[in-house]
Student: 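A single structure is presented below for examination.
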Amino acid sequence: MASKEEKLQSRAVVPGTFDPITVGHIEVIKRVLKVFDEVIVGVAESPRKGNGPMFSLDRRIELASEALKDYKNVKVIPFTGLLVDFVKECNARVIVKGLRAVTDFEAEFQMSALNYRLDPDLEILFIMSTPENMYLSSSVVKEIAYHKGNVYGLVPEPVGRALCEFTGCEYTEE
Ligand code: PNS
C-alpha cells in the first residue's frame with residue numbers, strides 16, 4: 001500500500017492564467033496525467049497580468065472545466081493569492097509547468113527560484129511542449145481573435161465560441 005508521502009507525490013498542480021485555455025495547455029495536462037494520478041489545474045486570478053485578463057476568473061474556470069470534463073482525475077480550481085499557498089492548500093508538493101521555447105525560460109527560471117524561496121519543500125517540474133504546440137499561447141490566440149482571424153484548432157470548441165462572441169473572430173474548420 002502506498003504511504004501518505006507517496007500519495008502526496010502523485011498529485012500535481014498545473015498553474016496558469018488560462019486566459020483562455022488552449023489546446024497547448026490541454027496537451028500539457030494530458031501528459032502530466034501520465035506521470036501523476038491527479039492533476040489540479042490552478043487558475044490564477046492574475047488581475048495585474050498585461051492589461052488584465054480578457055475573460056473573468058469565473059468564465060476562465062467555466063471554459064477550462066468544460067474543456068477538461070472528460071478527464072476524471074483533473075480538477076479545475078481558482079486561486080487568488082500566492083501559488084505556493086494554493087499548492088499547500090491542495091495538499092500537493094509538485095508544480096508542473098509547460099515550457100515552449102527559450103523565450104519562456106527566463107521568466108520561468110525567475111518564478112521557480114522565487115517559489116522555491118517561498119517554499120523550499122516544493123518541487124517545480126517543467127514539461128517541454130510538443131513541436132506542434134511550441135508556438136501556441138493564450139496571447140497569440142487573443143491576438144488572432146482581436147484581428148478577427150480563425151482560431152480553429154488552437155482552442156477547444158467552447159473557448160472558440162466564447163472568443164467569437166467576444167471579438168467577432170472565426171472558429172471554422174478549413
Ligand atoms: O499562465 P501564466 O500567466 O504564465 O501563469 C503565471 C502564474 C499564474 C502561474 C503566476 O503568475 C503565479 O503563480 N501567480 C500567482 C501569484 C504568485 O504566486 N506569483 C509568483 C511569486 S514569484
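One-based numbering, in listed order, for ligands and for the atoms of each. The first residue of the sequence shown is numbered 1, and numbering continues consecutively from there.
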Student: Looking only at distances, please establish whether an N/O atom of ligand 1 is found under 3.5 Å from an N/O atom of E108.
Tutor: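 It does not: no N or O of E108 is found under 3.5 Å from an N or O of ligand 1.
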Student: Show me which atoms of ligand 1 lie under 4.0 Å from any heavy atom of F79.
Tutor: 15 (C)
Student: Would you call V141 and I144 a side-chain contact if the rule is heavy atoms closer than 4.5 Å?
Tutor: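 No; the side chains remain at least 4.5 Å from each other.
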Student: Check each of G50, A107, G81, P15 against atom 15 (C) of ligand 1 and report the one with the nearest heavy atom.
Tutor: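 Looking at heavy atoms only, G81 sits closest to atom 15 (C) of ligand 1.
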Student: Under 4.0 Å from any heavy atom of K49, which atoms of ligand 1 are there?
Tutor: 2 (P), 3 (O), 4 (O)
Student: Side chains of E38 and N73: do they bring a donor and an acceptor to under 3.5 Å?
Tutor: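 Short answer, no.
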Student: S46 to ligand 1: N or O pair under 3.5 Å?
Tutor: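 Such a contact does not occur with ligand 1.
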Student: Do V96 and V94 have side chains that get closer than 4.5 Å, going by heavy atoms?
Tutor: yes
Student: Below 4.0 angstrom from a heavy atom of L82, which ligand 1 atoms are there? Numbered from 1 as shown, please.
Tutor: 17 (C), 18 (O)
Student: Just jot down the ligand 1 atoms closer than 4.0 angstrom to any heavy atom of A44, in number order.
Tutor: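 Here the atoms of ligand 1 in question are 8 (C).
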Student: Should R60 and I21 count as side-chain neighbours, where that means a heavy-atom distance under 4.5 Å?
Tutor: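 No, every pair of side-chain atoms sits at 4.5 Å or beyond.
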Student: Under 3.5 Å, N or O to N or O, is L83 touching ligand 1 that way?
Tutor: yes
Student: Show me which atoms of ligand 1 lie under 4.0 Å from any heavy atom of L114.
Tutor: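 The atoms of ligand 1 under 4.0 Å from a heavy atom of L114 are 22 (S).
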Student: Salt bridge or not between E108 and K97? Use side-chain N to carboxylate O under 4.0 Å.
Tutor: yes
Student: Under 6.0 Å between ring centres: does that hold for F55 and F166?
Tutor: yes
Student: Which protein non-hydrogen atom lies closest to atom 6 (C) of ligand 1, naming both residue and atom, and how far is it?
Tutor: K97 NZ, 4.0 Å
Student: Identify, for atom 21 (C) of ligand 1, the protein heavy atom at the shortest distance, and state residue, atom and that distance.
Tutor: N115 OD1, 4.0 Å
Student: Hey, is E123 close enough to R93 for a salt bridge, meaning N to O under 4.0 Å?
Tutor: no
Student: Find all atoms of ligand 1 within a distance of less than 4.0 Å from any non-hydrogen atom belonging to M111, and give their numbers and elements.
Tutor: 10 (C)
Student: Where does the angle between the aromatic ring planes of Y171 and Y152 fall among parallel (under 30°), tilted (30 to 60°) and perpendicular (over 60°)?
Tutor: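 Because their plane-to-plane angle lies in the 30° to 60° range, the rings of Y171 and Y152 count as tilted.
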Student: Looking only at protein heavy atoms, which one is nearest to atom 1 (O) of ligand 1, and what is the separation?
Tutor: T17 N, 3.0 Å
Student: Starting from atom 5 (O) of ligand 1, locate the nearest protein heavy atom and write down its residue, its atom name and how far away it is, to 0.1 Å.
Tutor: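 Sorting protein heavy atoms by distance from atom 5 (O) of ligand 1 puts G16 CA, 3.5 Å first.
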Student: Is any side-chain heavy atom of M134 closer than 4.5 Å to one of M128?
Tutor: yes
